[in-house]
Protein chains: 2
Amino acid sequence: MMNSAARPPAMSDVAALAGVSHQTVSRVLNDHPSVRPETRERVAEAILQLGYRRNSAARTLVTRRSGTLGVVTPATALYGPTSTLVGLEEAARVVGWFVSVATIRQFDGDSMHTALEHFLGQGVDGIAIIAPTTEVAQAIAAIASPVPVVLISSASDVPPVPHLHAVGVDQRHGARLATQHLLDQGFADVVHVAGPQDWFDAQDRLAGWREVMGPGAPEHVEAGWDAADGYELGLRMAREGLPSAIFAANDQLALGLLHAFWERGVRVPDDVAVVGFDDEVGAAHYTPPLTTVRQDFGALGRLAVDSLQAAFDGKDVARQQIPAELVVRASSVRPA
Amino acid sequence: MMNSAARPPAMSDVAALAGVSHQTVSRVLNDHPSVRPETRERVAEAILQLGYRRNSAARTLVTRRSGTLGVVTPATALYGPTSTLVGLEEAARVVGWFVSVATIRQFDGDSMHTALEHFLGQGVDGIAIIAPTTEVAQAIAAIASPVPVVLISSASDVPPVPHLHAVGVDQRHGARLATQHLLDQGFADVVHVAGPQDWFDAQDRLAGWREVMGPGAPEHVEAGWDAADGYELGLRMAREGLPSAIFAANDQLALGLLHAFWERGVRVPDDVAVVGFDDEVGAAHYTPPLTTVRQDFGALGRLAVDSLQAAFDGKDVARQQIPAELVVRASSVRPA
DNA sequence: CGTCCGTGGGTGAGCGCTCACACCGACACG
DNA sequence: CGTGTCGGTGTGAGCGCTCACCCACGGACG
């Protein structure tokens, strides 16, 4: 039975029913060792009988811990950010943290400031920021957060601000894998279609490609993250001349390229090889199936939560990177 | 300047600095009319000077409103659920609600129960559940939540439980649009590749297709939501015989079909037309570009939040549906 | 000139919990 | 047989806010 909606049962109600003090109930709830088993039993029964749930607001008020993490993420259904969010939530729940989300349309300083204030006002224990731009990092540096903040990013140049940490998948490494793979397949002329250069991830993928290509690297092309951008670019390339291979900064760009090439009768990988980044759902079923770089978002989430937790406990937090993994499919394998 | 991390400033600190009582500070914060402008000014200045932020835990404790909404969503980067989440968050923020998320791997009663308890323990003001299965609805019916719950679903058979509401995009209508479009194009033999039938959305898309096809409808095929399922099915169809058109329950299934057909040299739409559902990012760039059904997730989020708000305020909540929209692309247009 | 009411503001209680500490009996030890 | 120690439990304060209520003052009104 539910009791009437008047007031949910409080600790004192449980205590009264079990014939103990509120403090003993608290001890039972918090697994304090020194409670006699039979007392514990009686309390547990009273809790069940009343349908008692402890009031987390009261708890937060006195402990100054809300048990909530704030996550800032772009307001899109992009594969990377979304998967990161899921990974984060699962990792957070394992260690008993709730995840509160705020989406933002643009990663400028103002939006960021608003989002952070939003979370700080709520009293979160830590904040994670997914897919940040350089501008974001500056905005964060300016706000002097009383709680730890982690940037989900492989950026090497995160400003050295106290309480600001960074974890990420090693984008540069992933980019090297992709580029090297294309070279190994015998495609000498590997062009990079880069993502928006204010995104850390896009910067790093570009850098990784450059590292492998060395000083003789051709010019890269800059684009957005969307398939439409890749499509436009693909049409232009088909018109103006094709490289032997293209490393696209994400799978959507690659998809757009594939579309344009298919439409123009350019064969992949025969006429031009294509590699993406992300291994999004469905990449295995593009036309042709797309070689790409996979990131372990579960591990990423765990790493982010770990470092937030360490920072929260006042420990030192080491910067950490997760390696990426190449997934080879038909779009980049040299025809026999 | 930050003051030392000892204790964040409280209302009384602001009051002392401004030379008023804590109550006046509260009035300023809550926009109470009867405060003299100059007093208001003084308080505002003190707030700024101390970097004061009101403690939401204390506020929640006394008002019994946490200002937080719980959202349960599947632990995947699927386009539909993700977009819904984003839509919900934006709508919630507009009316001043935070969004806390819990992802679940399986929509069985147990996971659902855990997630709900998780939120109720946190004291959320309302709960939204994205992409529910029939089993979920039963689990919710069993839990007697003290706060309103909204199922994001177009299901017509949501159990009539108090505090349980439902909003959704009209899946059935969308399916009718897709099917009718194929018939209008002259494809008589429209087969449906259905999603998992324990999902409300999958049920409704199937039902919509059936409505249009009438009693002479062919058998539908049941599958999961993934491209891999579509791919397998596509291979089988290419082997065992093709219908004139296929209406797939989502874009990923359609993508898998396209992949299989391309691999087997089956031309789309010449040999078989294909229509999907969702209009996910990239669907415009599949091979060929995919005809599909688009849902307005922003409107969906607003609707969900509205109904939660109405329920929270004790008003009556009418069931509401949002229409879907057909997006015609090359995959379903009869060749001239 | 007393009464009434509205404006601007203060006072105190209490939301439900945890933390620090007091207490009490039992048992060990010198 | 006094003194220490320790398991098991209770007491009271207080976290930072809102809510209900009270108070002072001034102008309007009969």
(request) Please state whether the phosphate of dT9(D), meaning OP1 or OP2, lies under 4.0 angstrom from any side-chain nitrogen or oxygen of Arg36(A). (result) yes
(request) Could you check how far CG of Asn55(A) sits from P of dC15(D), rounded to whole Å? (result) 18 Å
(request) Tell me whether the OP1 or OP2 atom of dG16(C) has a side-chain N or O from Arg53(A) closer than 4.0 Å. (result) no
(request) For the residue pair Ser100(B) and Gln122(B), establish whether any side-chain heavy-atom pair is separated by less than 4.5 Å. (result) yes
(message) If the cut-off is 4.0 Å, is Asn30(B) near the phosphate of dT18(D), judged by side-chain N/O to OP1 or OP2?
(response) yes
(message) At 4.0 Å (heavy atoms only), tell me whether Ser56(A) reaches a base, stays on the sugar-phosphate, or touches nothing.
(response) nothing
(message) Rounded to whole Å, how long is the line connecting atom CZ of Arg54(A) with atom P of dT18(C)?
(response) 5 Å
(message) Working note: Val86(B) + Thr76(A), criterion side chain to side chain contact (heavy atoms under 4.5 Å, CB included); need CA distance, chi angles, decisive distance, verdict.
(response) CA-CA 7 Å; Val86(B) 171; Thr76(A) 72; over 6 Å; no
(message) Using OP1 and OP2 only, check whether a side-chain N or O of Arg64(A) sits under 4.0 Å from dT18(C).
(response) no
(request) Look at Ser21(B) and dG10(C) and indicate whether a side-chain polar atom (N or O) is within less than 4.0 Å of OP1 or OP2. (result) yes
(request) Might you confirm whether atom CD of Glu117(A) has over 12 heavy atoms from other residues, nucleotides or ligands at distances under 6.0 Å? (result) yes
(message) Quick one, Thr84(B) and Gln295(B) - any side-chain contact, counting heavy atoms below 4.5 Å?
(response) no
(message) Is any side-chain heavy atom of Phe119(A) closer than 4.5 Å to one of Val149(A)?
(response) no
(request) Tell me which nucleotide among dT7(C), dG12(D), dT18(D) gets nearest to the side chain of His22(A). (result) dG12(D)
(request) Check whether any side-chain nitrogen or oxygen of Arg59(A) sits under 4.0 Å from OP1 or OP2 of dC15(D), and answer yes or no. (result) no
(request) Would you mind reporting whether Leu85(A) and Val101(A) have side-chain heavy atoms less than 4.5 Å apart? (result) yes
(request) Please work out if Thr39(A) contacts a base, only the sugar-phosphate, or nothing of the nucleic acid, heavy-atom cut-off 4.0 Å. (result) sugar-phosphate
(message) What is the distance, to the nearest angstrom, from the CD atom on Gln23(B) to the P atom on dG16(D)?
(response) 17 Å
(message) Rounded to whole Å, please give me the gap between CD in Glu41(B) and C1' in dG8(C).
(response) 17 Å
(request) Kindly point out which of dT18(C), dT7(C), dG10(C) is positioned nearest to the side chain of Val20(B)? (result) dG10(C)
(request) Starting from the 5' end of DNA chain C, give me the residue, Val62(A) or Thr24(B), whose nearest nucleotide shows up first. (result) Thr24(B)
(request) Could you work out which one of dT9(D), dT11(C), dT18(C) sits closest to the side chain of Val35(A)? (result) dT9(D)
(message) If I take atom CG in residue Leu29(B) and atom P in nucleotide dG16(D), what distance separates them, rounded to the nearest angstrom?
(response) 15 Å
(request) Could you state the atom-to-atom distance from CG of Asp13(B) to P of dG16(D) in whole Å? (result) 8 Å
(request) Using whole Å, report how far CE of Met11(A) lies from P of dC19(C). (result) 11 Å
(message) On the nucleotide dT18(C), are OP1 or OP2 found under 4.0 Å from the side-chain N or O atoms that Ser26(A) carries?
(response) yes
(request) Looking only at side-chain atoms of Arg7(B), point me to the closest of dG16(D), dA13(C), dG10(C). (result) dG16(D)
(request) Using atom CG of Leu61(A) as one end and atom P of dC19(C) as the other, report the distance to the nearest whole Å. (result) 12 Å
(request) Kindly say if Thr63(B) contacts the phosphate of dC19(D), meaning a side-chain N or O under 4.0 Å from OP1 or OP2. (result) no
(message) I want to check one thing: is the phosphate of dT18(D), taken as OP1 and OP2, less than 4.0 Å away from some side-chain N or O of Arg27(B)?
(response) no
